[in-house]
Each structure stands twice: as structure tokens, then as C-alpha cells.
Protein chains: 2
Amino acid sequence: MATQTAAQRREQARRDYDAFLRGCPTNQLLDRISDKWVSLVVSALAAGPMRYSDLGRKIAGVSPKMLTQTLRSLERDGILSRTVTPSVPVRVDYELTPLGHSLALLLTAVKDWAETHIEQVHQARERYDGDN
Amino acid sequence: MATQTAAQRREQARRDYDAFLRGCPTNQLLDRISDKWVSLVVSALAAGPMRYSDLGRKIAGVSPKMLTQTLRSLERDGILSRTVTPSVPVRVDYELTPLGHSLALLLTAVKDWAETHIEQVHQARERYDGDN
DNA sequence: CGGAATCCTCCTTGATACTG
DNA sequence: CAGTATCAAGGAGGATTCCG
């Protein structure tokens with residue numbers, strides 16, 4: 001059995017690390033909230049329940065596929081609840097769970113940091129782009 | 001002229017919305033911190049300055065390309081500073097700026113939320129996957 | 001109305017190899 | 001040591017179409 005090559009060792013390390021990252025709560029959460037549409041859906045629902053098509057209209061530019069996909073994954077994670085009213089036509093309401101409201105609070109903290117510091121970031125970028 | 005199709009209207013809306021999102025501080029921040037390697041680099045540097053290859057070793061599994069790309073973008077945003085010591089061989093140190101340390105604090109808040117609530121998320125998933 | 005299934009196209013990621 | 005250049009692949013996201 002030959003010694004591992006450097007490439008094989010790197011690949012092994014990468015695999016281990018990927019496994020670690022998948023198990024890391026922080027990265028799981030970051031993956032979730034950084035999804036393009038998640039923060040928009042959560043903040044839209046923070047104000048109160050909404051129907052599928054209301055969300056689609058409020059979050060202009062989202063395709064039905066991505067909206068459904070986003071809502072499903074958030075439902076699966078217990079962030080929001082989905083209620084079907086079997087009228088004709090069908091009516092489906094989405095609403096934040098307590099866990100979802102808690103997440104909305106965290107997103108508010110993120111938003112506050114962003115709004116407080118974004119100007120510093122922009123200034124840093126101008127400096128960086130100007131100098132280089 | 002012809003009526004726009006639904007897709008065309010949505011594309012226009014999507015374009016407008018993309019522009020809005022690019023200008024939205026919260027989404028800019030989420031884009032930044034959700035990058036696979038950013039949180040790892042920031043938390044690694046939160047403990048103190050490190051050299052390029054130290055980071056590469058500490059964050060196992062990152063390729064030189066991604067490490068450089070991550071470091072450059074964080075430097076551009078004023079999150080960390082890059083110091084070259086022109087010795088032989090060259091020595092390059094990376095260190096968080098005050099802004100970077102502030103960001104590290106936010107990441108700590110995210111981490112705390114994640115560790116506090118991840119169990120609820122996992123339970124919700126099991127319930128969802130079990131029921132379905 | 002509220003989706004599901006399919007196809008297709010970028011864009012990011014990462015491997016590999018080379019340089020000052 | 002600290003990167004850069006190039007290339008290939010996979011997956012995320014969008015368009016389109018159809019169903020209950």
C-alpha cells in the first residue's frame with residue numbers, strides 16, 4: 001500500500017472538514033439565513049401571516065419554484081407553518097412559528113449591524129479600489 | 001405593442017429586485033458572512049493575527065485559490081488588514097481590523113442563536129420527515 | 001390558486017500546475 | 001512562502017409547462 005499522495009491527503013482533509021461543517025450549527029444556520037430568499041420571506045412574515053401568492057407579489061422577482069422551495073425548507077426546519085384551507089380555490093397560509101419569530105429577531109440584529117457598519121465597508125472599498 | 005408574458009413581467013421585476021437587493025445593506029452583509037470560508041477566517045483571526053499558511057493549515061480543506069479570494073474580499077471590505085514583510089522568504093500576516101472584530105462579535109451572536117436553537121430545528125426536521 | 005416536473009444555463013468551486 | 005493562471009465539473013437557480 002503506497003503512501004498517500006499529497007493530493008489524496010488534501011482530499012481527505014477536505015472531506016473531513018466538509019463533514020465537520022455540515023455538523024456545525026453555526027454553518028447550518030448561516031447556510032439557511034443566507035439563502036437569497038429566506039431573509040425576505042421571514043421578514044415578510046414577521047408582520048403577520050400571508051398567502052402564497054401574496055408572498056410572491058410582495059417578494060417581487062421570485063419564481064414560483066424558488067418560493068415553494070424556500071417555504072418548504074423553512075417549514076421543514078420549523079421556522080414557519082403551512083395551513084391549507086380546502087376551499088375552492090384552495091387557500092394556503094404561511095405563518096411564522098415561535099422559533100421563526102426568534103429567528104426574525106436574530107435577523108434584526110444582523111440588519112442593525114449591517115446598517116450601522118455598511119458605510120465603513122463602503123469607505124474601505126473605495127479606499128481599496130482607489131489605491132491598488 | 002404585445003402584452004408582456006408573465007415571465008417577461010417577472011424578469012423585469014426580478015431585475016428591479018436584484019438591484020434593490022444589491023443596494024440593501026442586510027443582504028450585502030448576509031452575502032458576505034454566508035460565504036463558506038468567511039466565518040471560518042474571521043473566527044480564526046479573532047484570536048489573533050495569522051500568516052497565510054497558518055490559516056491554510058487551520059482551515060483544513062481550503063484551496064489556496066479560495067483562501068486568497070476570501071482574504072482579498074475581506075481586506076477590500078475593511079474586515080482585515082494584510083501586512084507584507086519583505087524578508088526572504090516573504091512573510092504575510094493577516095489581522096482583523098476593529099471593524100472585523102465588531103463583525104466577529106456579530107458572528108458570536110449568530111453562533112449563540114444557532115447553538116441554542118439547533119436542537120429545535122433538528123426536532124422539527126424529524127417531525128416533518130416522519131410525517132410527510 | 002398553489003404548486004410539481006422537467007430542462008437548461010450560468011456561476012461558483014476546486015484541482016492542477018506554475019511563479020516571484 | 002504566498003500566491004496566480006487555467007480549466008473542468010457540479011449544482012443552484014430560472015424558464016417553461018402541466019396538474020389537483
Side-chain angles (χ1 to χ4, degrees), chain A residues 4-18 21-22 31-32 34-38 40-41 49-76 80-94 132, chain B residues 4-18 21-22 31-32 34-38 40-41 49-75 80-95 132:
Chain A
Q4 286 187 115
T5 64
Q8 285 172 324
R9 271 193 305 273
R10 255 180 278 124
E11 197 194 336
Q12 182 59 42
R14 191 180 54 73
R15 235 194 285 281
D16 292 348
Y17 218 69
D18 280 355
L21 289 182
R22 272 195 303 278
D31 273 1
R32 179 73 44 223
S34 67
D35 181 283
K36 187 177 179 183
W37 305 111
V38 164
L40 298 168
V41 168
M50 289 182 91
R51 299 178 58 176
Y52 181 87
S53 48
D54 290 336
L55 283 167
R57 236 169 289 115
K58 172 131 189 173
I59 306 173
V62 68
S63 65
K65 174 185 170 180
M66 290 317 294
L67 183 54
T68 298
Q69 187 174 306
T70 303
L71 290 168
R72 283 288 186 281
S73 75
L74 291 176
E75 185 196 359
R76 177 166 183 263
L80 52 80
S81 63
R82 177 172 177 269
T83 309
V84 180
T85 307
S87 53
V88 178
V90 186
R91 175 195 176 102
V92 181
D93 286 274
Y94 291 93
N132 78 355
Chain B
Q4 286 184 116
T5 65
Q8 285 173 325
R9 270 193 305 274
R10 198 170 47 244
E11 196 196 336
Q12 181 59 43
R14 190 178 55 73
R15 235 194 286 279
D16 293 348
Y17 219 68
D18 279 356
L21 289 183
R22 273 195 301 278
D31 273 1
R32 181 72 44 216
S34 66
D35 181 281
K36 187 176 179 183
W37 305 111
V38 163
L40 298 168
V41 168
M50 291 183 91
R51 299 177 59 174
Y52 181 87
S53 49
D54 291 335
L55 283 167
R57 236 169 289 114
K58 171 131 190 173
I59 306 173
V62 67
S63 65
K65 175 185 168 181
M66 290 315 296
L67 184 54
T68 299
Q69 187 174 304
T70 303
L71 290 168
R72 285 287 188 283
S73 76
L74 290 176
E75 185 196 0
L80 53 79
S81 63
R82 178 173 177 270
T83 310
V84 181
T85 307
S87 52
V88 178
V90 184
R91 176 196 177 101
V92 181
D93 286 275
Y94 292 91
E95 182 176 11
N132 77 354

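Residue numbering restarts at 1 for every chain, and letters A, B, ... go by the order of the sequence lines.
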### Task
Do nucleotides 5-12 of chain D as a string where each nucleotide becomes B, S or -: B if the base has a protein heavy atom under 4.0 Å, S if just the sugar-phosphate does, - if no protein is that close.
-B------

### Query
Tell me: CG of B:Asp54 to C1' of D:dG3, nearest whole Å?
15 Å

### Query
Over how many whole Å does the gap from A:Tyr17 atom OH to C:dG14 atom P extend?
13 Å

### Task
Quick one: closest heavy-atom pair of B:Met50 and B:Leu55, and the distance?
SD-CD2, 3.7 Å

### Task
Can you label the angle between the A:Tyr17 ring and the B:Trp37 ring as parallel, tilted or perpendicular, going by 30° and 60°?
parallel

### Query
Closest to the A:Arg51 side chain: D:dC1, C:dC1, D:dG3?
C:dC1

### Task
May I ask you to evaluate whether A:Ser53 reaches the phosphate of C:dG2, defined as a side-chain N or O under 4.0 Å from OP1 or OP2?
yes

## Note on the structure
Separation of C:dC1 atom C1' from A:Arg57 atom CZ, nearest Å, is 11 Å

#### Entry: Nearest-0.5 Å distance, OG1 of residue A:Thr70 to NZ of residue A:Lys36
10.0 Å

### Query
When the distance from CE of A:Met50 to P of C:dG2 is rounded to whole Å, what number comes out?
11 Å

### Atom of B:Arg91, atom of B:Asp93 and distance for their closest heavy-atom approach
NE-OD2, 2.8 Å

### Message
Check this for me: does any side-chain nitrogen of one of B:Arg57 and B:Asp54 sit under 4.0 Å from a carboxylate oxygen of the other?
### Response
yes

### Query
Phosphate oxygens OP1/OP2 of D:dA15: is one of them under 4.0 Å from a side-chain N or O of A:Ser63?
no

### Protein-nucleotide distance (B:Glu75, atom CD; D:dA2, atom C1'), rounded to Å
14 Å

### Message
Run the side chain to side chain contact (heavy atoms under 4.5 Å, CB included) test against B:Ser34 and tell me which residues pass, sequence neighbours left out.
### Response
A:Ser34

### Task
Respond yes when some side-chain nitrogen or oxygen of A:Arg72 is under 4.0 Å from OP1 or OP2 of C:dG3, and no when none is.
yes

### Query
Quick one: A:Leu71 CG to C:dG3 P, roughly how many Å, whole number?
7 Å

### Short side-chain N/O contact to C:dG3 OP1/OP2 from A:Tyr94, under 4.0 Å
yes

### Query
What's the closest nucleotide to the A:Lys36 side chain, out of D:dG14, D:dC1, C:dG14?
D:dG14

### Query
For C:dG14, does either OP1 or OP2 sit under 4.0 Å from a side-chain N or O belonging to B:Trp37?
yes

### Query
Do A:Ser73 and A:Gln69 come within less than 4.5 Å of each other through their side chains, counting heavy atoms only?
no

#### Entry: Value in whole Å for how far the C1' atom of C:dG14 lies from CG of B:Leu67
13 Å

## Note on the structure
Taken to the nearest whole Å, CG/A:Asp93 to C1'/C:dG2 is 12 Å

### Query
When you match A:Thr68 and A:Asp18 each to their closest nucleotide on DNA chain C, which lands nearer the 5' end?
A:Thr68

